[in-house]
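Single-structure report; data block below.
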Amino acid sequence: MTSWAPPAGGHKLILGMVHLQPLPGTPFHRPDSFPQILDTAVASARALYDGGADGCLIQTVDRVYSVADESDPARTVAMGLIARAVVEATGGDFRVGVQMMRNATRASLAVARVAGGDFVRAGALVGQTLTAHGMVRPDPLEVMSYRRSIGAEHLGIVADIASTHFTWHGGGKTTAEVARAARTVGADAVSLSHPDARTTLDMIASVREAVPHLPLILAGHTNHDNAARLLAAADGAFVGTCLEREGWGGTVDVDLVRRYVDLVRGAER
């Protein structure tokens, strides 16, 4: 049993993104920049916490990635230090997630398990998806076996099924079918998004019909103008750009977080 299930009573999970600059062990890492990366990540997570968000997703932004489920040791250690610092800087009810791009799901599970996190996000868990870095071919058996081997069954796995990170390669599968496949192999929730709000709502409706009790998280494209409408249909959202100073990749702004949270909570009442 994982701790992933959204709170009862229609409460929507607001999970802010903590985007990291390139980490040690990656080609674009700037020497001696790790202390600043860690401090910025903690400050962003704390802004999310103070602004009323329910949690965060710490995501690597290393610019170039392996498509295999692997991570350089230095990169994994750096992510572990950051995740632990975020856990210590926030409250016990604040959910901390880990996503090591492109699809280093086992390393993400290891970091979350050791650092005291709550969930991981898998850019691909079933099927395969073509990315700028090559074809990502996930192995759900390895992921689920590894989660069990390290005693991390309590960690939630949120699987992308239609998003910036995942499109079912070769077609032939509806979003609802991909959601059912992800659930079958062990996903605790799925995430999806589309730039067009109507398309997003249609995808949500199809997944709800196919897998009624599967938690569904928006994978992007929400902002202060559309959040209340889109979250009325979903269980939560990963929220990035609209909460960051100077746009994507900037430090999270606590005032932008409070505005977003107030809009969503106001719609819940």
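Ion pairing of E268 with K12 is absent here, as no side-chain N (NZ or NE/NH1/NH2) approaches a carboxylate O to less than 4.0 Å. The pair R258-D262 does not count as a salt bridge, with every side-chain nitrogen at least 4.0 angstrom from each carboxylate oxygen. Looking at R245 and D255, no side-chain N of the basic residue comes within less than 4.0 Å of a carboxylate O on the acidic one, giving no salt bridge. Under a 4.0 Å N-O distance rule, the pair R95/D54 does not qualify as a salt bridge. Using a 4.0 Å cut-off between charged nitrogen and carboxylate oxygen, D225 and R259 do not count as a salt-bridge pair.
Residue pairs meeting the side chain to side chain donor-acceptor pair (under 3.5 Å) criterion with at least one member in residues 122-132, sequence neighbours excluded, are Q128-R137.
The minimum heavy-atom distance linking S66 with R102 is given by the pair O-CB, 3.7 Å. Taking each heavy atom of A179 and V207 in turn, the nearest pair found is CB-CG1, 3.9 Å. The minimum heavy-atom distance linking V120 with A112 is given by the pair CG1-CB, 4.0 Å. Residues V98 and V111 come closest through the heavy atom pair CG2-CG1, 4.0 Å. The shortest heavy-atom contact between A234 and L218 is CB-CG, 3.8 Å. When all heavy atoms are compared, the tightest approach of T105 to D69 is N-OD1, 3.0 Å.
Rounded to the nearest 0.5 angstrom, M101 CE and Y65 OH are separated by 5.0 Å. With values rounded to the nearest 0.5 angstrom, I150 atom CD1 is found 12.0 Å from S145 atom OG. For the atom pair NE2 (H224) and SG (C242), the distance works out to 5.0 Å, reported to the nearest 0.5 Å. Interatomic distance, S191 OG to F166 CZ, rounded to the nearest 0.5 Å: 10.5 Å. Separation of atoms OH (Y146) and CG (D139) is listed at 14.5 Å; rounding is to 0.5 Å. How far CZ of R183 is from NE2 of H213: 10.0 Å, rounded to the nearest 0.5 Å.
Summarising the local packing, CG of D196 is surrounded by more than 12 heavy atoms from other residues, nucleotides or ligands at distances under 6.0 Å. Applying the 6.0 Å contact sphere to CD of E209 captures no more than 12 heavy atoms from other residues, nucleotides or ligands.
Between the side chains of S193 and S163, no donor-acceptor pair of N or O atoms lies under 3.5 Å. Counting only N and O atoms by type, the side chains of T222 and Y260 include a donor and acceptor under 3.5 Å apart. Side-chain contact check for R265 and H11: at least one donor-acceptor pair (N or O, by modelled atom type) lies under 3.5 Å. Side-chain atoms of Q21 and H29 include no donor-acceptor pair closer than 3.5 Å. One side chain, R75 or T60, offers a donor N or O that lies under 3.5 Å from an acceptor on the other.
Under the 4.5 Å side-chain contact rule for hydrophobic residues, V61 and V67 do not share a cluster. Follow the hydrophobic side-chain contacts under 4.5 Å out from L214 and you reach I204 in the same cluster. Both W168 and L192 are assigned to one and the same hydrophobic cluster, defined by single-linkage of ILVMFWY side chains at heavy-atom distances under 4.5 Å. Taking hydrophobic clusters as Ile, Leu, Val, Met, Phe, Trp and Tyr residues chained together by side-chain heavy-atom distances below 4.5 Å, I161 does not share a cluster with V136. In the hydrophobic clustering of ILVMFWY residues, with side-chain heavy atoms under 4.5 Å counting as a link, V261 and V96 come out together.
Between the side chain of T175 and the backbone N or O of M203 there is no donor-acceptor pair closer than 3.5 Å. Remark: the backbone N or O of I37 is not paired with any side-chain donor or acceptor of T40 at under 3.5 angstrom. Without hydrogens or angle criteria, T184 side chain to R180 main chain gives a donor-acceptor distance under 3.5 Å. Judged by distance alone, the side chain of T26 and the main-chain N or O of L23 form a donor-acceptor pair under 3.5 Å. Side-chain atoms of H194 do not come within 3.5 Å of backbone N or O of H221 as any donor-acceptor pair. No donor-acceptor pair closer than 3.5 Å links the side chain of R208 to the backbone N or O of P212. Using modelled atom types, one side-chain atom of E177 and one backbone atom of T174 make a donor-acceptor pair closer than 3.5 Å.
Contact check for L15 versus V239: no side-chain heavy atoms found under the 4.5 Å cut-off. Between V185 and L125 there is a side-chain heavy-atom pair separated by less than 4.5 Å. V252 is listed as a side-chain neighbour of V257, based on a closest heavy-atom distance under 4.5 Å. For the pair V190 and I217, the minimum side-chain heavy-atom distance is 4.5 Å or more. Using a 4.5 Å heavy-atom cutoff, the side chains of V178 and V126 are in contact. Under the 4.5 Å side-chain criterion, counting only non-hydrogen atoms from C-beta, M144 is in contact with I157. Counting heavy atoms from C-beta on, the side chains of L13 and D235 never come closer than 4.5 Å. Inter-residue side-chain proximity for N226 and N223 is flagged as met; some heavy-atom pair is nearer than 4.5 Å.
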Practice prompt. Might you work through the salt bridge (charged side-chain N to carboxylate O under 4.0 Å, His left out) test for D62 and R30, ending with a clear yes or no?
Written response: CA-CA 11 Å; D62 297 317; R30 291 184 293 107; over 6 Å; no

Discussion item. With side-chain contact (heavy atoms from CB on, under 4.5 Å) as the criterion, how do N103 and E70 come out once you've worked through the C-alpha distance, each side chain's angles and the decisive distance to 0.1 Å?
Written reply: CA-CA 8 Å; N103 203 47; E70 62 186 18; over 6 Å; no

Worksheet item: After noting the C-alpha distance and the side-chain angles of Q59 and L20, does the key distance pass the side-chain contact (heavy atoms from CB on, under 4.5 Å) rule?
Response: CA-CA 6 Å; Q59 185 185 73; L20 304 178; over 6 Å; no

Practice prompt. Go through the steps for R147 and E153 under the test salt bridge (charged side-chain N to carboxylate O under 4.0 Å, His left out), then give the verdict.
Written response: CA-CA 6 Å; R147 181 167 70 161; E153 293 95 334; over 6 Å; no

Practice prompt. Let me see the working for D160 and R121 under salt bridge (charged side-chain N to carboxylate O under 4.0 Å, His left out), right down to the final yes or no.
Written response: CA-CA 7 Å; D160 277 28; R121 179 181 176 187; 2.8 Å; yes

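Using cut-offs of 30° and 60° on the angle between ring planes, the pair F238 and F119 is parallel.
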